[in-house]
Amino acid sequence: MARLVLRGFDIRKGHLDSAAQQQVVVALRPILKAAPLFNPSTASGRKMSVRMTSAGGLGWVSDTAGYRYQETHPKGVPWPDIPNDVLKIWRELTGLERDPDCCLINYYGEGARMGLHQDKDEADFSWPVLSVSLGDDALFRIGNTSRGGKTESIWLNSGDVVIMGGPARLAYHGIDRIRFGSSRLLPKGGRVNLTLRVAT
Ligand code: MD3
Ligand code: FE
């Protein structure tokens, strides 16, 4: 369980062991059934390669009307609750009294990526964001708080947890690629990333 701090990103390598990872995957199954993954489109109307859904009081959606948090899945149902195992990770690592109101679930199939971006749809950037990686390895790129400049990359593996707080909260970041098939955690392969956020 190595800890690495890169540009203010607090990276806990192997925070979840294989049994804990499997437990989270089991908890995600009914969530994905009630709130299926969808392919969001960017504001410009292009489909993202990453498929998404959410758990919690609020979920993140993106369509031609723009990016926002809302209380329901695009199919109209409320988002399922955030699993307790996942809340436990947040409470333990952030030490905060406040629970996140959104657990964004990103699924990366073969060839999926996420371009460099900032997360700015939340009301208060003083709350940290926590990310849990599950399944295939992913090449995570970290930039600066404004566009351009040098970036650094690090491979995230299944079970890694990253905490973004302080100045890192507004850093540009993205996923360049995944190593499809590098993990056997998910039966169909690919990568799941959970990000826990306080949105309001
Ligand atoms: C830094 N997800 O959902 S997780 C995202 O692996 C997102 O799916 C990537 O970027 C993924 O917005 C990266 C790491 C991450 C998540 C949220 C952040 C880094 C962050 C919010 C602010 C700053
Ligand atoms: Fe992000």
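Below, each value reflects all heavy atoms present in this structure, side chains not excepted, and no hydrogens, waters or symmetry copies. Whatever order the structure lists them in is the order used to number ligands and atoms, beginning at 1.
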Please produce the table of protein N or O atoms sitting under 3.5 Å from N or O atoms belonging to ligand 1, one pair a line, distance to 0.1 Å.
unit_1	atom_1	unit_2	atom_2	d
ligand 1	3 (O)	Asn106	ND2	3.0
ligand 1	3 (O)	Arg197	NH2	3.1
ligand 1	6 (O)	Arg191	NH1	2.9
ligand 1	6 (O)	Arg191	NH2	3.1
ligand 1	8 (O)	Asn106	ND2	3.0
ligand 1	8 (O)	Tyr108	OH	2.6
ligand 1	8 (O)	Asn193	OD1	3.4
ligand 1	10 (O)	His117	NE2	3.2
ligand 1	10 (O)	His173	NE2	2.9
ligand 1	12 (O)	His117	NE2	3.2
ligand 1	12 (O)	Asp119	OD1	3.3
ligand 1	12 (O)	Asp119	OD2	2.9
ligand 1	12 (O)	Arg197	NH2	3.0

Taking a hydrophobic cluster as the set of Ile, Leu, Val, Met, Phe, Trp and Tyr residues connected by side-chain heavy atoms closer than 4.5 Å, whether directly or through intermediates, do Leu32 and Val26 fall within one such cluster?
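Shared cluster, no.
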For residues Met114 and Ile142: do they belong to one hydrophobic cluster (side chain heavy atoms under 4.5 Å, members Ile, Leu, Val, Met, Phe, Trp, Tyr)?
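Yes: a chain of side-chain contacts under 4.5 Å links Met114 to Ile142.
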Single hit among Asn106, Asp121, Thr53 for side-chain hydrogen bond (donor to acceptor under 3.5 Å, both in side chains) with Trp60:
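For Trp60, the side-chain hydrogen bond (donor to acceptor under 3.5 Å, both in side chains) test succeeds with only one of Asn106, Asp121, Thr53, which is Asp121.
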Drop me the distance from Phe180's CZ to Lys188's NZ, to the nearest 0.5 angstrom.
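One finds 11.0 Å between CZ of Phe180 and NZ of Lys188.
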Atom CZ of Arg51 and atom CZ of Phe38: how far apart are they, to the nearest 0.5 Å?
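Interatomic distance, Arg51 CZ to Phe38 CZ, rounded to 0.5 Å: 10.5 Å.
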So, at under 2.8 Å, which protein N, O or S atoms would a careful student list around the Fe ion (ligand 2)?
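Counting only protein N, O or S atoms under 2.8 Å from the Fe ion (ligand 2), the list reads His117 NE2, Asp119 OD1, His173 NE2.
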Has His117 got a side-chain atom pairing as donor or acceptor with Gly115's backbone, closer than 3.5 angstrom?
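It does hold such a pair.
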Does the salt bridge (charged side-chain N to carboxylate O under 4.0 Å, His left out) test come out yes or no for Arg179 and Asp137, once each step is laid out?
CA-CA 5 Å; Arg179 263 186 202 130; Asp137 305 339; 3.0 Å; yes
Begin from the C-alpha positions of Asp10 and Arg3 and carry the test salt bridge (charged side-chain N to carboxylate O under 4.0 Å, His left out) through to its verdict.
CA-CA 7 Å; Asp10 182 355; Arg3 183 174 179 189; 3.0 Å; yes
Yes or no on salt bridge (charged side-chain N to carboxylate O under 4.0 Å, His left out) for Arg7 and Glu152, after CA distance, side-chain angles and deciding distance?
CA-CA 9 Å; Arg7 299 192 182 197; Glu152 275 177 90; 2.6 Å; yes
